[in-house]
Structures are given as structure tokens and as C-alpha cells.
Amino acid sequence: MSSSVTNVVIAGLGGQGVLKASDILAEAAFRTGLDVKKSEIHGMSQRGGSVTSDVRFGDNILSPMVPGSEADFLLVLAADQVETNKGLLGAGGVLICTDRIDENALANRRSLNVAMLGVLSRYLEIDKPFWLDAIRSSLPEKVYDVNVKAFEMGRDAAAESY
Amino acid sequence: MDFEKANVAERLLLSGNEAVARAALDAGVSLGTGYPGTPSTEILENFSRMGGPAQWAPNEKVAMEVALGASFAGARTLVTMKHVGLNVAADPLFTAAHTGVTGAMVIVTADDPGMASSQNEQDNRWYARAAGMPMFEPSDSQEAYDFTLRAIELSEEFAAPVMLRMTTRLCHSKTVVRPERSIAEAGRPEFHRNIKGRVMIPAYARPAHKRLRERLARIARWNETSGPNDTIQAGKDLGIIASGIAYAHAREATPDASFLKIGLTWPLPTETIAKFVRSVNRCVVIEEGDPVLVESLRAAGMTVEGKSEQYRFGELNVNRVRRILSGDDSVEAAAAKGKPPQLCKGCPHRVSFEILRRLNCIVAGDIGCYTLGVLPPFEAMDTCICMGASIGVGLGLRHVLPDEQARRVVSVIGDSTFVHSGITGLVEMVYNPPKTGHVVLILDNGTTAMTGLQEHPGTGRTLAHQPTGQIVFEDLAGALGIERVEVVDPTKDPAGYERILIEALDSGKLCVIIARRPCLLVAGKVREYEKKRSAETDAHE
Ligand SMILES: Cc1ncc(C[n+]2csc(CCOP(=O)(O)OP(=O)(O)O)c2C)c(N)n1
Ligand code: SF4
């Protein structure tokens, strides 16, 4: 069954927007009409501890958690969290780190999470309008533009290196 | 998939907590109450945001009592708490099972297997058995929605309070929900006297206990024929009995097995289960936490397999279920160690723990963000048990330690925790004062930070951040007869704070020091609430 399921794990530190990023991804996939499950543990995460969130989509999803070592994509928002999480990647899985983005070129560093989604978007069959809708519905209106710019930046960066 | 063609109108992507809130709204619940606690907190927050009447109580016991009163009046009520909250509310819980209700009362208990954010790993399925209360266990957000509605119906049909057991994964996982509001209109609250049914003196409680057991027997029969239990009959080789999130993991781990998913897990549909057990050659119970279900089934004479002891601890997942099914008891690889959380840079709690460490205090601690004072660089906390315990434990230490050690004991408690269960501790302190006196530090950061910045009676704002009555800690402590009450600002005047603490420790008196400085994350929000409010009052003038 795993062939029809896409497994994404997003990892980082509390305050980096890991959960927001997974919300946007889940929402975008959901809007395409697929079955989606998204899972996370948030408790003390707002105080800088490690955070991960799983997003799975496909025809029919059962467990909300990506089974260990079966992630197709691992997005890591903090360089020092790569080591901790890389074991989650399955064979042939894609690791996406912040080195794909020029962080200094971001208008607001807080939109790094959305820029990383831009990179991821190049690998997924989710049309751009779904992403934009998901960004709009998941973030406050006043930061929509800056996040769309970040998303485009990630998308362009990925197109170059892809 | 094409953007234009996708039809999203009747589908929602909701967390389990959002789904419960949405169901409460669709059922016309007239009062939602509870106390914050991970992973249950967002139920009432969402209910309120959706326009439902929701309020925070000072603690879970009070919440349960308020909900019970409202359901005596015929209302539909929802009361939410984390697993340990039910310990606090256990007193009304057991007797509410005796009295029953007139309207509906749904008690959400959100367990935390794996302890993502809790002080213990208790399995609240025991409470259903101990109190004699029906319990639903959803396995995804759709069932969280459906079962909340069904719990309300069951509660009304059988005049019984009903529990809905959630777990961290369900509360915080988003899955697809199609909300179908299929429930009768709520009745209008009205008082009807029922002295023998609601005044639990022994003479009336004895028949009430018998009624409770009869009611459970009727619900068990209902569960056999109409309960939310699903069978997937596949091969005969392997049958799995599961409920809650364990069902989702098990379905993925062994898609070809036959399944019995139990939705109303107490009282059990024993005949349905026995029939399923007989229909397969090998039957395994997959459950997260304690071996609750497997023991019940064995006690009923069924031959079922369970799991070995190591799987009692922590959450299940697909791989662990595979291991259980293959009888693999080898040592599991430890999960990668992440970075632990820390007090925010500039958090006002930091100053308190720097001082406590410097003064080499013996710290009876409590639960909140400030529990992080136990970790380096502070390591300035010696005990943490349950909410409010700092004061009792500190007093106990003071009573028996040799004087020179007793004088170093300080109880440290947050503002929300103080309101929740610290006030009776102060009463104890006045009533049974240690001979060396005692010092209680209330870390008043103006919010319940740990669980995501909820209001409480000390903030003077309601769940929806509207102004309301406020408990003033210094007035309360004074009124209780505490000899010395001080208010300090840890950020502005750390030196003054330290001096006052040293004096208090030396004084041999009963002292309460309130360290008042808003949490960094709440300060901006409070300004927003106040701005919004003054804009509203201007508009009304
Ligand atoms: C009985 C019970 N209910 C709820 C909780 C969850 N919980 C832990 S600490 C806490 C309150 C923290 O607030 P506060 O004391 O003000 O400290 P802060 O986090 O703001 O520093 C809550 C709600 C719990 N552990 N036990
Ligand atoms: S959230 Fe507030 S109380 Fe908690 S660590 Fe940060 S500043 Fe301190």
C-alpha cells in the first residue's frame, strides 16, 4: 500500500514554524481531494525543543504517523536537527535542508518554513494554486505576501538544483 | 489533481480536538467547561472560537461539578481535561455515575501515552471500569466527531454521564472529517426536583448504586446490537481486536487480518467479541498502554493474545504493532534524542531559579514552564509531583528536617497552578505552620504558559479574553492570615527580589512572595486584548 502513500516528515526546533509548515502541506494535499493525515506532538515545543511533524497523503491513509525509516521526504529546518532525524528517511528518500535556501535573501526569516515548502513543492504533484490557497488559509492575511514570496523563492531554488 | 475540479465543500481536515469541538457545536452543547492540559486544551478553545459557550474553571473538579449542575438542569454539557485532571475530578466523577444526569454530560479525558507533556503515564480506561461509566474511544477525527454526538445521545437515552477517551495522537492529528449533524435538538433547561436521585445520602445512594449497575447492564446490551463496533471479516488466520489509535496502526501493520474495532469500550459488547474470537484461529488484542482490554477479555473466559510488558510503555506505532504480532521482544532501538525544551531567553522565571540556586534552597517545585528550572543551567528544583503539591511537600519537608535544612525549604508554584490547587496548601500552612515558618514563591507570569497561554481566574479575563472578576493573590494570602506577603518584579529588581527572599527565609515566619512579571509570549497578546477592548468600549459610547 505504501506505494500510493507519500510520507513527509518535517523537523526543526520549537518556534521555527514546523507545525505551521506541516499544516500548510496537509492543507494543500487535502485540497487536491486526497486522503490526508497529519500528526505531531506539541507540548513543550514552544520553548525551543525538538519538534517533528508527519504528513501522509494518498488514496487511503491508516496510521497518522510515518512508520520509522519510511519517509519519502525529510524537511529539516534547523541544521543541528539533521543528525537526529535522518534515520527517519526511507531508502531513496529525499533530504531537504536549509542549504537549499539563501536565508539572507528572505524578507522575513520567519518564513523559512514556507520557503522550504517551496523546495518540496517541486517534488510533489500538488498544483501551485492549492499551495497558495493553503498558505492563505493557514496564515494571517498580513503575512500572506511575504510568505508567497518565500514560497516562490524556494520553488525557484529547487528548479535550479533539480 | 486539477485545482478547479477538487470539491472541498463537505470535507474538513480537523484535529481530533477540533472535531470534538465541532460536534459539540453541532449538538447545541450549552456549556463547555474544563481546565487546560495537554493534549486536551484546544477542544474548548476551538469550541469558543466557533461560537460555543466555553469557559475555564479553576480546576477539573470544579469544571466537572459545574457541568454536572448544568446537566441536572437538562442541558447538554461537555467537560474536558487531560488524564491527570480526572484524578482531580475523580470525587464528583464517581458519584455522578451514581446520580446520573438529566440532560447530557460528556467527559473528555485526554490521555498522554508516551508522556509528550505529562508527569505520569496513566491509562484512564481504568476509570470507566472503576466508576461504572460508559466510555467511547475514537480512532481518528471522524470518529471523534461521530462519537461525541453519539456520546451525547447515549447520555440522554440512559441518563448517564459518558466518557470520551482521547489520546495525544488523536487530539493532535488532523484527519479528514465529513461532519453530518444527525442529532435531535437539545431540550430547554428547566429544573425538576429529584431529591432521591440527586441527594446522595446513604439511604438514597444505596438504590442509586443498584440503578447504576442496571443501567450499565442495559448499555452493555445496547452495545451488542447498536454500539459503534465494526467487524472486518477477512482471513481466518489472524483476528485483531483494537480500539482508538491502536486500530489505525494495526490496520496498517497487518492489512490482511480480520478486525474487530470496538468504539464503545465500556461496558464491553462481550458476546460480539466472543463471536469474533471464535471466528479466527489466532486472536490478538492490540492496545496502547496497560493491558486493560486483554485482561477483561481473559476474565470473560476468552482465549486472546496480548503484548509483552515492554509495549505497555510509550505510544504504539506501526512498527511496534508489527513486533507485537511477530512476538518480537528484543530490545527496541531508542528513539533519537532531540533537543530538550528550555525556558525562553529573557523568561522572568529564569531570575527566580538563578536566585534559588545561588541561595542553595531546597525547592519543592510544581508544574508549568517553570518546571524547566530543574534542568541545567539552574538545576534548582528538588520535587515535582502533581499540580499544587509544591506547598504540601514543602511543608512536609519543613516539619521533619533538622532546623538548618528546614530553613532552606521553599515552595515554588505558578499562578495558574496556585489557583488550580495551591490555595488549600496556603490554608494548611496557616493551620499547621512548621516551627521554622515557610516561604511560598508564586511565579505570577499572568497566564497559563505551559499549555499555550490560557487565561485563569488570576488574570481577570475569561477563556475568550474578555474582562471578568479577578482573584488578587496578595489580598487572598493576607486574608488567609499569611504573616508576610510581598510582591516583587523579578526582571526589574532582581536584587530586591533576592534580598526579600533571604529575609523571608531568615524570618521564621509564614511568607508568600509573588514574583510578578508577564510571560514574554503573553505580554503582547494582553496588550492586544486590551486594545481591542478599549476600541469596543469606544464604539459603544
Ligand atoms: C491536574 C492537572 N491539570 C492540568 C495539567 C496541565 N498543566 C500542567 S502545568 C499547568 C499550568 C501551568 O501554568 P502556571 O502554573 O501559571 O505556570 P506557567 O506555565 O505559566 O509558568 C497545566 C495546566 C496538569 N499537569 N495536571
Ligand atoms: S513561554 Fe513564557 S513562561 Fe514559558 S518559558 Fe517562555 S517566557 Fe517563560
Q | ring-ring contact (aromatic ring centres under 6.0 Å, His included) contacts touching residues 77-100 of chain A (sequence neighbours left out) | A | none

Q. For B:Arg320, is it the side chain, the backbone, both, or neither that has a heavy atom closer than 4.5 Å to a heavy atom of chain A?
A. neither

(Q) Measuring from atom CG of B:Asp230 to atom CZ of B:Phe259, what distance do you get when rounded to the nearest 0.5 angstrom? (A) 12.0 Å

**Q.** Worked verdict on A:Asp59 versus A:Leu34 for side chain to side chain contact (heavy atoms under 4.5 Å, CB included)
**A.** CA-CA 6 Å; A:Asp59 295 334; A:Leu34 290 173; 4.1 Å; yes

(Q) Please classify the contact of B:Leu316 with chain A as side chain, backbone, both or neither, using a heavy-atom distance under 4.5 Å. (A) backbone

Q.
Under the rule for side chain to side chain contact (heavy atoms under 4.5 Å, CB included), what residues qualify as partners of A:Ser69, not counting sequence neighbours?
A. none

Q. Do the non-hydrogen side-chain atoms of A:Leu75 and A:Leu117 ever get within less than 4.5 Å of each other?
A. yes

Q: Please list, chain by chain and in numerical order, all residues satisfying ring-ring contact (aromatic ring centres under 6.0 Å, His included) with A:Phe151, sequence neighbours excluded.
A: A:Trp131

(Q) So if I take each residue of residues 76-95 of chain A and look for any heavy atom under 4.5 Å from a heavy atom in chain B, which residues do I end up with? (A) A:Gln81, A:Thr84

Q.
Using heavy-atom distances under 4.5 Å, tell me whether B:Ile245 contacts chain A through its side chain, its backbone, both, or neither.
A. side chain

Q: Using non-hydrogen atoms and a 4.5 Å limit, figure out which bit of B:Arg169 sits close to chain A: side chain, backbone, both or neither.
A: side chain

Q | Closest-packed option against chain A by number of heavy-atom pairs under 4.5 Å, given B:Arg251, B:Arg322, B:Lys339, B:Lys345 | A | B:Lys339

Q: Working to the nearest 0.5 Å, report the span between OG of A:Ser53 and NZ of B:Lys174.
A: 9.5 Å

Q. Are there more than 12 heavy atoms of other residues, nucleotides or ligands under 6.0 Å from atom CZ of A:Arg155?
A. yes

